[in-house]
Structure formats: C-alpha cells, structure tokens
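Working notes, beginning with the structure itself.
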Amino acid sequence: QMQLVESGGGSVQAGGSLRLSCAASGRTVRSYCMGWLRQAPGKERDFVGTISASSGNTYYRNSVKGRFTISRDNAKNTVYLEMNSLKPEDTAVYYCAARSGLGCPSASGFYDYWGQGTQVTVSA
C-alpha cells in the first residue's frame, strides 16, 4: 500500500504562486508514475501533469505548460507541483496520485493510489 498526503494549498490572487507537496509513505515515489490531477466544482477530475518513474520525465496539460512544474525529491519521497502565474480557472481541489503499472497516463482511472486533495483558490 502507498499513502499520499498533499499539502500547500490555499488562497491566492491571480498571478500568484503556490507550491503543493505530496508526501508518500509505504512505497517510493521514484518507482511510480506520479500524477497531479484537479477537480473544479461541478466538473470532472482533470489531468494536470505527470512525472514518470525512474526517468523523471514530465508531461503537462496545455493550459498549464510554462506555468506549472512537477518535480520529485527521492530523499524525501515527495513530489511537488510548483504553480506560478495562477489564474482563476486554476481554482480546484488538487490531487496527487500514483500508478503502479506501466506507462504514465493522463486519465484518472489508471491511478491506483490517491491523496485526500488540497484546495487551491485563485481570486481575480
């Protein structure tokens, strides 16, 4: 089993920054595809970005490219989502997830472990 705990959410004004953390226990994050997904009120859970196991390659949805950065600290067994130039449309609950199988997909249904989520609110 793998436990994931997100932190770092909060309320910021448009143009501001936040860094979310996803602390893992029970398994090592470098062995898993780690994803960040978000869910806005009344909407489905959407892919934000991923960082692949071993290689650490990252992939992002188009709307966050150049603004969001995913990184991994293997020593701390933690994955981060650095968010800059935040926009009101980034408002959502952000989830960290881990996939134990091959590949690093964007669809939420392929992830095996989930954190509890952390709220990010961006005001205009």
Side-chain angles (χ1 to χ4, degrees):
Q1 290 293 326
M2 188 179 200
Q3 291 76 44
L4 302 172
V5 178
E6 300 100 334
S7 61
S11 297
V12 296
Q13 291 187 329
S17 299
L18 284 172
R19 187 177 81 156
L20 307 184
S21 300
C22 173
S25 59
R27 297 286 188 274
T28 55
V29 294
R30 64 182 177 185
S31 299
Y32 287 76
C33 164
M34 300 298 297
W36 284 97
L37 298 95
R38 66 187 182 186
Q39 188 166 18
K43 295 186 177 181
E44 294 185 351
R45 196 167 295 185
D46 281 337
F47 160 77
V48 175
T50 57
I51 183 166
S52 61
S54 65
S55 70
N57 290 334
T58 54
Y59 179 69
Y60 304 93
R61 68 181 296 127
N62 286 338
S63 62
V64 307
K65 284 181 182 177
R67 301 189 298 122
F68 290 13
T69 303
I70 296 174
S71 61
R72 184 176 67 202
D73 186 330
N74 293 333
K76 295 183 178 180
N77 210 28
T78 299
V79 176
Y80 302 96
L81 177 65
E82 182 78 34
M83 305 185 293
N84 298 312
S85 301
L86 282 161
K87 303 176 181 180
E89 52 263 43
D90 295 318
T91 295
V93 176
Y94 283 70
Y95 296 90
C96 170
R99 169 174 165 81
S100 59
L102 292 176
C104 210
S106 58
S108 60
F110 288 101
Y111 288 86
D112 303 296
Y113 304 103
W114 290 85
Q116 82 287 354
T118 186
Q119 176 71 46
V120 171
T121 302
V122 185
S123 57

With side-chain contact (heavy atoms from CB on, under 4.5 Å) as the test, would you mind laying out the steps for Leu81 and Arg38 before giving the verdict?
-> CA-CA 12 Å; Leu81 177 65; Arg38 66 187 182 186; over 6 Å; no

List the steps, then state whether side-chain contact (heavy atoms from CB on, under 4.5 Å) holds for Leu4 with Met34.
-> CA-CA 10 Å; Leu4 302 172; Met34 300 298 297; 3.9 Å; yes

Going through the distances and angles, do Thr91 and Gln119 end up as a side-chain contact (heavy atoms from CB on, under 4.5 Å)?
-> CA-CA 8 Å; Thr91 295; Gln119 176 71 46; 4.0 Å; yes

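By the salt bridge (charged side-chain N to carboxylate O under 4.0 Å, His left out) test, Arg67 pairs with Asp90, sequence neighbours left out. Judged as a side chain to side chain contact (heavy atoms under 4.5 Å, CB included), and not counting sequence neighbours, the contacts of Ser25 are Gln3.
Smallest separation of non-hydrogen atoms from Arg72 and Val79: CG-CG2, 4.1 Å. Heavy-atom minimum distance, Leu37 versus Ser106: CD2-O, 3.8 Å. The two atoms that bring Ala40 and Ala92 nearest to each other are N-CB, 3.8 Å, heavy atoms only. Heavy-atom minimum distance, Cys33 versus Gly103: CB-O, 3.6 Å. Here the closest heavy-atom approach between residue Cys104 and residue Thr50 is recorded as SG-CB, 3.5 Å.
Pairs passing the ring-ring contact (aromatic ring centres under 6.0 Å, His included) check and including a residue from residues 34-92, sequence neighbours excluded, read Phe47-Tyr59. Identified under the ring-ring contact (aromatic ring centres under 6.0 Å, His included) test for residues 86-124, with sequence neighbours left out: none.
In this structure, Val64 is a member of the same hydrophobic cluster as Val12, with clusters built from ILVMFWY side-chain heavy atoms closer than 4.5 Å.
Rounding to the nearest 0.5 Å places OG of Ser52 at 12.5 Å from CZ of Arg99. Atom CG of Asn77 sits about 11.0 Å away from atom CZ of Arg27, to the nearest 0.5 Å. To the nearest 0.5 Å, the span separating CG on Leu86 from OG on Ser11 amounts to 11.0 Å.
At least one side-chain heavy atom of Met2 sits under 4.5 Å from a side-chain heavy atom of Val29.
Few gaps surround CD on Glu89; more than 12 heavy atoms of other groups in view lie less than 6.0 Å from it.
Using a distance-only test at 3.5 Å, with no hydrogens or angles considered, no donor-acceptor pair links the side chain of Gln116 to the main chain of Val5. Looking at Glu6, its side chain never comes within 3.5 Å of a backbone N or O of Thr118 through a donor-acceptor pair.
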Residues 16-23 side chain polar contacts: donor-acceptor under 3.5 Å, at least two apart:
residue, atom, partner, partner atom, Å
Ser17, OG, Asn84, OD1, 2.8

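Defined by atom type and a distance below 3.5 Å, a donor-acceptor pair is present between the side-chain atoms of Ser63 and Arg61.
Grouped by direct or indirect side-chain proximity (heavy atoms under 4.5 Å, Ile/Leu/Val/Met/Phe/Trp/Tyr only), Leu102 sits alone.
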